[in-house]
Structures are given as C-alpha cells and as structure tokens.
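All ligand and atom numbering here is 1-based and tracks the order in the structure. Quantities reported herein were computed from a predicted structural model and do not represent experimental measurements.
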Amino acid sequence: MANYDYDLFVIGAGSGGVRAARTAAATGARVAVAEDRYLGGTCVNVGCVPKKLYSYAAHFHDAFEDSRGFGWTIPEAPQFDWATLRDNKIEEIKRLNGIYGRLLDGAGVKLINGRAKVVDTNAVEVNGERITAEKILVAVGGWPWTPEFEGSELTVNSNQVFDLDSFPRRFLVLGGGYIAVEFASIFNGLGADTHLIYRGELFLRGFDQEVREFTRDEMAKKGVNLHFETNIERIRRVEGGLEVTLTNGERLEVDAVLAATGRRPHLEGLGLEALGVQLDTDGTLKVNERFESSVPSILALGDVTGGPELTPVALAEAMHLVQHHFGDKTPPPLDYENIATAVFCHPNIGTVGLSEEEARARFDAIRVYSADFRPMKHTLSGSDERCLMKLVVDDASDRVVGAHMVGDEAGETIQGIAIAVRARLTKADFDATVGIHPTAAEEFVTMRSVTRR
Ligand code: NDP
C-alpha cells in the first residue's frame with residue numbers, strides 16, 4: 001500500500017471542510033486542511049453569521065416603532081451607526097475564527113495556511129510543498145458571480161457588502177434570490193432608501209407562489225421599492241453617487257449597488273481540469289453517493305457540488321462522507337428531500353417540503369390549509385404586518401407534504417414542523433396536537449377548514 005503523508009487532505013476550511021476534517025480525525029485518520037482565506041468559510045465570514053447579525057440590527061427599526069403602542073416613548077429618534085455594527089461584527093467573527101482554529105487543533109488536524117492545488121490524483125501542492133494523501137477533499141465552496149454590463153465593476157458583491165466604509169443611505173440590490181431579498185430587508189431596516197431590481201415577474205423563484213406574493217406585499221409595505229421585470233442596463237459614477245439605468249428606462253441614483261446574482265463554484269486554479277475531473281454543465285463538481293468525483297481519490301462536498309447551497313447540508317454531507325470513507329459501515333444515501341430552509345428577509349420565510357405548485361404536479365389531489373392573519377403583537381403595535389401560514393396535504397394519504405410560513409421567526413417555527421414533515425406525519429397528527437397558546441405557531445395545529453383543493 002502506498003505510503004501517503006495524510007489519509008485525508010481537505011482543501012477549504014468552510015463548514016463542510018472543517019466538519020469532515022474533524023470527524024475523520026476522530027476516527028484516527030491523519031488529516032490536514034489547507035485554507036488561504038478565513039476559517040469557517042462563507043457561512044462564518046461573509047454569509048449566514050454576519051447576515052443574521054445584520055438582520056437583528058435591522059429588526060430594531062420595527063421594534064422601536066412597535067414599542068409606542070405598548071406605552072414606550074423614545075425621547076429622541078433612534079440613530080443607527082454603521083461603523084459600530086460593522087466593527088462589532090468583525091470582532092465577533094474573529095472570535096469564531098479562533099474557535100474554528102482551536103476545534104481543528106483539538107481534533108489533531110494539521111492546518112496549513114495557503115491555497116492548495118491538486119497536482120496528482122493523490123497529491124497537492126501548497127506554498128511550494130508537495131503533500132500526498134490517500135483522499136483529497138475539495139470543499140472550496142462558491143464565490144459570488146456578477147454579470148457584465150456597463151459599470152458592473154461599480155457594484156459590490158455579498159463578500160464585500162458587510163464591510164462598506166460608510167452606510168449607503170440609498171441602496172440598490174440586483175437579483176431575486178435569498179441574498180437579494182435578505183439584503184434589501186436589512187438595508188431597508190437599517191434606514192436606507194432601498195430598491196430591489198429583479199429581471200423576472202416575481203422574486204424567489206422556486207418558492208411557493210403564495211409565499212412569494214405575500215412576501216412581496218409585506219416587503220413593499222415595509223418600504224422596499226420593488227422593481228420587477230427589469231434589469232440593470234448600466235451604472236455610471238456621478239457627483240455624489242451612482243446613477244443606475246434600468247432596462248425599462250428608469251433611472252435611480254444610489255450610493256451602493258449590491259449584485260446578488262448567484263454564486264459559482266470556486267474552482268479556479270485548483271488544477272482539477274488537468275486531472276480530468278468531470279464537471280457538470282453548470283461548472284459544479286459532479287460526485288456520486290460516496291462524494292467521489294470521476295477521479296475516485298478526489299472527493300467533494302458542499303456548495304462546489306451544486307446541491308442545495310446551505311451550511312447544514314454541507315455538514316450532513318461531511319458526516320456522510322466520513323462514514324463512507326473512514327467509518328465501519330456504509331450509511332444509507334443522504335436524504336435531500338424535505339430540507340427546511342429560511343430566508344431572513346423581513347418578515348422571515350420558513351419553508352419545508354413541497355410548494356403548492358410542486359404538490360399539485362406530484363399528487364392527484366391535494367388540500368391546502370392557510371391562515372393569513374395579524375399577529376397578536378400588532379394589535380397594540382399599530383403595525384400592519386401580517387403573517388402567513390400554510391400546510392399542503394396529499395389528499396389520498398393525508399400526509400403533510402409542505403409547510404410554509406412568512407412571519408416573525410418563521411425559521412424557528414418551521415424547524416420543528418420540519419421534523420413532522422420528514423416523519424411523514426398526517427394532517428390528522430397535526431390536528432391531534434394540542435397547541436401552545438398564545439403563539440403564532442399554534443395556527444399550524446389549529447387550521448381546520450380547507451382553503452382550497
Ligand atoms: P440565487 O441563485 O438564489 O439567486 C440569484 C438571483 O440572481 C436570481 O434571482 C436570478 O434570477 C438572478 N440573476 C442571475 N443571473 C442574472 C443576470 N444575469 N441578471 C440579473 N439577474 C440575474 O443566488 P443568491 O446569490 O441569492 O444566493 C446563493 C445561494 O446561497 C442561494 O441559492 C442559497 O442556497 C444560499 N443562501 C442561503 C441563505 C439562507 O439559507 N438563508 C442566505 C443566502 C444565501 P432568476 O431567478 O431569474 O434566475
């Protein structure tokens with residue numbers, strides 16, 4: 001048997017890479033990780049974590065307004081200071097980077113600072129040194145992608161938007177995916193005059209149609225200026241800002257433009273092409289159930305493989321990969337159905353399972369139960385924010401095949417519902433569950449009349 005320097009060499013210390021490295025090391029494998037940027041990858045540094053912190057910051061805006069009806073007076077208009085938020089966020093992320101470093105260290109994983117290049121089926125090169133490994137795991141994630149148009153170099157991407165030097169009083173975001181709606185809500189909440197530009201007729205393609213429409217209406221009520229069926233034609237720098245011309249002829253002057261137009265695999269310079277590692281048509285790295293690429297010693301997981309680009313998915317993949325390659329029994333294939341997800345726009349979206357449209361396509365007959373109501377908090381706050389909850393049921397089996405919510409803390413609520421949906425529970429099970437009163441979530445177990453079939 002060949003004598004390798006390591007049993008596993010991981011490229012990329014993001015969520016998936018770190019989890020795979022630590023878990024493999026715990027089985028006794030000799031593991032190294034190469035990382036050239038920051039520990040914790042996108043999620044910790046320029047994704048989930050800072051985004052959620054900024055989302056909290058933005059929610060205070062509503063909280064100040066809502067408090068009046070409950071008897072609070074705020075003597076002066078609250079002021080928001082961008083630098084405080086940004087710099088506190090930077091400190092918190094430094095702390096998390098340290099934790100990731102210590103986790104790897106504690107697990108006995110060798111951390112190498114540098115960008116690794118795969119030079120052979122069992123060898124990488126980092127900082128000029130050749131290192132061999134029985135398995136190489138490509139966990140390099142994705143990178144924001146911006147289309148080219150006149151002035152596209154004047155945009156910032158989601159890696160850069162957290163650390164802007166100054167707060168953009170007028171903010172524009174291009175795109176209609178998770179990142180676009182989240183940042184439109186964040187900057188709107190922080191007090192910027194905010195525009196969202198999306199080329200299609202309605203953002204959040206792929207989500208439940210009613211959820212999309214409800215979110216559109218709620219975001220518009222909160223003051224986000226939504227522009228659909230248009231795109232950016234050009235951006236020019238003008239005195240005091242950026243002039244954005246849309247394809248519908250409209251012109252807007254703003255201080256910053258965020259391009260939230262998707263992410264691509266971050267494979268540049270990794271040397272995989274030379275080894276003949278097969279990529280999918282969309283440029284992602286194709287893997288089998290064991291997370292092996294077309295070159296079996298080269299493994300991959302996470303965003304680079306083109307599955308759902310979500311941290312918990314990368315973590316689950318890492319655990320599976322390690323069981324396959326370093327465990328003593330073969331795990332069942334990872335189940336990608338019913339992965340719950342939240343979009344942290346304001347109000348939040350939480351969703352699991354099928355949209356109404358997907359369920360209609362898959363089953364002969366479905367029942368939809370939905371509730372669109374004013375949350376209790378807003379009886380006194382004076383806010384006109386509403387909440388949507390929705391269950392999609394396969395009529396024949398009575399199984400709840402989809403659950404959707406738009407409202408406060410929707411992710412927190414849907415996480416619990418996701419267990420029930422994954423466990424294939426029926427509407428009768430939901431009905432037999434006694435609610436928690438008074439909560440918004442109790443609607444999920446008290447919706448009795450069919451909204452439509
Ligand atoms: P998405 O792929 O979700 O959305 C990209 C958006 O950009 C789409 O609306 C797309 O339009 C639009 N777009 C693409 N190309 C162009 C173009 N040439 N001109 C104009 N618009 C264009 O990517 P995101 O960047 O929002 O997020 C990446 C991934 O990260 C998400 O898919 C998600 O998995 C993950 N993520 C998860 C979060 C969470 O869990 N809360 C938060 C943030 C990100 P169209 O729909 O027409 O194709």
Side-chain angles (χ1 to χ4, degrees), residues 14-16 41-56 141-152 155-162 172-186 195-207 209 211-212 215-216 226-235 244-248 257-266 282-284 302-317 336 339-352 405-406 409-412 414-415 418:
S15 305
T42 300
C43 173
V44 167
N45 295 279
V46 287
C48 327
V49 173
K51 179 274 310 288
K52 188 83 191 266
L53 294 174
Y54 282 27
S55 172
Y56 282 131
W143 201 253
W145 173 83
T146 304
E148 282 202 18
F149 48 80
E150 184 188 332
S152 57
T155 63
V156 293
N157 64 29
S158 58
N159 288 353
Q160 300 161 323
V161 69
F162 292 105
L172 184 148
V173 49
L174 174 65
Y178 280 76
I179 298 181
V181 296
E182 289 183 345
F183 277 97
S185 289
I186 287 170
H195 298 265
L196 181 146
I197 312 295
Y198 175 54
R199 62 182 178 183
E201 86 187 292
L202 184 56
F203 54 23
L204 295 170
R205 190 160 57 82
F207 282 76
Q209 179 72 14
V211 164
R212 297 165 74 194
T215 306
R216 171 197 64 201
L226 301 169
H227 309 252
F228 294 140
E229 297 192 291
T230 185
N231 212 333
I232 296 184
E233 187 165 291
R234 65 166 179 274
I235 305 178
V244 182
T245 306
L246 305 183
T247 51
N248 65 7
V257 176
L258 167 65
T261 38
R263 296 169 56 85
R264 299 272 159 99
H266 194 205
D282 62 356
T284 57
D303 290 359
V304 78
T305 60
E309 293 174 57
L310 301 168
T311 290
V313 171
L315 298 179
E317 290 176 344
Y336 289 90
I339 292 171
T341 172
V343 187
F344 296 95
C345 48
H346 297 188
N348 296 172
I349 300 172
T351 172
V352 60
M405 171 172 172
V406 188
E409 306 287 6
E412 305 289 346
I414 288 293
Q415 180 65 87

Taking atom types as modelled and ignoring hydrogens, do the side chains of Thr247 and Thr230 form a donor-acceptor contact shorter than 3.5 angstrom?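 A pair is found: one side chain offers a donor N or O, the other an acceptor, under 3.5 Å apart.
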
Given 3.5 Å as the limit, does a donor-acceptor pair link the side chain of Arg212 with the main chain of Leu202, or not?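 Judged by distance alone, yes, a pair lies under 3.5 Å.
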
What pair of heavy atoms forms the shortest contact from [X] to [Y], and how long is it?
{"X": "Asp303", "Y": "Pro308", "result": "OD1-O, 4.5 Å"}
{"X": "Ala180", "Y": "Ala260", "result": "N-CB, 3.6 Å"}
{"X": "Cys43", "Y": "Ser15", "result": "CB-OG, 3.6 Å"}

Exercise answer: donor-acceptor pairs, residues 341-348 side-chain atoms, under 3.5 Å, sequence neighbours excluded:
residue : atom : partner : partner atom : Å
Thr341  : OG1  : Tyr178  : OH           : 2.7
His346  : NE2  : Ser55   : OG           : 3.0
His346  : NE2  : His59   : NE2          : 3.3
Asn348  : ND2  : Cys345  : O            : 2.8

Write down, by chain and number, every protein residue that brings a non-hydrogen atom to less than 4.0 Å from an atom of ligand 1.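 For ligand 1, the residues that come within the 4.0 Å heavy-atom cutoff are Lys51, Trp145, Pro147, Gly175, Gly176, Gly177, Tyr178, Ile179, Glu182, Tyr198, Arg199, Arg205, Asn231, Ala260, Thr261, Gly262, Arg263, Glu309, Leu310, Ala342, Phe344.
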
